[in-house]
Visitor: 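Have a look at this one.
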Amino acid sequence: MPLGLAPAARRSPLVAVAVGVVALLGLGACTSQPSAKAVAEDVVQTLDGLTEAERTCMLDKLDTYSSDEIEQIGEANEDVDFQDTDAVETQGDAALQKFVDDLSACMTAS
């Protein structure tokens, strides 16, 4: 299901992953900074409301991205206002939209 068609309540976990990736960039030059991929994996692991199948699927989808790719997505979308419910679609670049769509494919209809 394309993200734009997902109910807002089901989009929230996906936006949380995107926010986690972008927020990572705010950590600055901290030498112990985790990779963007590690942050995304941690966010998926701790999200409430996912079935185990959805969580596993999302982690598998994350494995198809390198940490550098996820970091580039975050850097390119630092100015996205994730308080806006349509932020990914209206402010995010194509790579962010694809990233969220990839994760969205794991969400089962409720």
Side-chain angles (χ1 to χ4, degrees):
M1 165 171 53
L3 182 62
L5 301 178
R10 295 301 285 166
R11 270 190 282 169
S12 296
L14 304 173
V15 172
V17 175
V19 169
V21 170
V22 173
L24 164 73
L25 301 171
L27 295 175
C30 176
T31 57
S32 63
Q33 178 176 329
S35 71
K37 188 170 189 171
V39 170
E41 289 169 344
D42 286 349
V43 172
V44 169
Q45 290 286 10
T46 60
L47 285 173
D48 291 331
L50 295 179
T51 67
E52 195 55 37
E54 290 170 338
R55 190 176 319 279
T56 299
C57 177
M58 285 184 173
L59 292 170
D60 289 346
K61 294 279 186 180
L62 286 174
D63 279 344
T64 68
Y65 289 87
S66 71
S67 189
D68 287 342
E69 288 172 313
I70 295 172
E71 187 171 336
Q72 288 170 357
I73 291 168
E75 288 174 350
N77 291 280
E78 287 179 309
D79 294 330
V80 173
D81 176 9
F82 288 103
Q83 297 299 316
D84 178 354
T85 57
D86 295 324
V88 172
E89 296 93 338
T90 61
Q91 301 172 39
D93 70 3
L96 177 63
Q97 292 176 21
K98 181 183 181 313
F99 178 75
V100 173
D101 285 346
D102 284 349
L103 296 177
S104 176
C106 295
M107 305 297 283
T108 57
S110 56

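Everything numeric here is computed off the predicted structure, so don't read it as measured data.
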Visitor: If I compare all heavy atoms of Ala36 with all of Ser67, which pair ends up nearest, and what's the gap?
Guide: N-OG, 3.4 Å

Visitor: To check you understand the geometry: which heavy-atom pair defines the closest contact between Gly49 and Glu54, and what is its length?
Guide: O-OE1, 4.0 Å

Visitor: Quick one: which of Thr46, Leu50, Asp60 gives a side-chain contact (heavy atoms from CB on, under 4.5 Å) with Arg55?
Guide: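 That would be Leu50; it is the only one of Thr46, Leu50, Asp60 passing the side-chain contact (heavy atoms from CB on, under 4.5 Å) with Arg55.
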
Visitor: Quick check for you: to the nearest 0.5 Å, what is the distance between Asp101 atom CG and Lys98 atom NZ?
Guide: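 It comes to 8.5 Å.
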
Visitor: Closest approach of Asp93 and Ala76, non-hydrogen atoms and distance?
Guide: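 For Asp93 versus Ala76, the nearest heavy atoms are OD2-CB, 3.3 Å.
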
Visitor: So which heavy atom on Pro34 is nearest to which on Val39, and how close?
Guide: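 Closest pair (atom of Pro34, atom of Val39, distance): CG-CG2, 3.7 Å.
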
Visitor: Hey, could you give me the CG/CD distance between Leu59 and Gln45, rounded to the nearest 0.5 Å?
Guide: 5.0 Å

Visitor: In the structure I gave you, are the side-chain heavy atoms of Tyr65 and Gln72 within less than 4.5 Å of one another anywhere?
Guide: no

Visitor: For the atom pair CG (Leu62) and CZ (Phe99), what is the distance rounded to the nearest 0.5 Å?
Guide: 5.0 Å

Visitor: May I ask you to decide if Ala53's main-chain N or O and Thr56's side chain share a donor-acceptor pair within less than 3.5 Å?
Guide: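 Between the backbone of Ala53 and the side chain of Thr56 there is no qualifying donor-acceptor contact (under 3.5 Å).
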
Visitor: Report yes or no: does Gln97 contribute a side-chain atom to a donor-acceptor pair with the main-chain N or O of Glu89 at less than 3.5 Å?
Guide: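 Here the side-chain-to-backbone pair exists.
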
Visitor: Do Lys37 and Glu69 come within less than 4.5 Å of each other through their side chains, counting heavy atoms only?
Guide: no

Visitor: Identify, with sequence neighbours excluded, every residue that meets side-chain hydrogen bond (donor to acceptor under 3.5 Å, both in side chains) alongside Asp68.
Guide: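 Scan of Asp68 (side-chain hydrogen bond (donor to acceptor under 3.5 Å, both in side chains), adjacent residues dropped) gives none.
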
Visitor: Is any side-chain heavy atom of Gln91 closer than 4.5 Å to a side-chain heavy atom of Asn77?
Guide: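 Heavy-atom side-chain distance check fails, nothing below 4.5 Å.
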
Visitor: Would you give the length of the straight line joining atom CE of Met58 to atom CG of Leu103, rounded to the nearest 0.5 angstrom?
Guide: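 Here the rounded value is 5.5 Å.
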
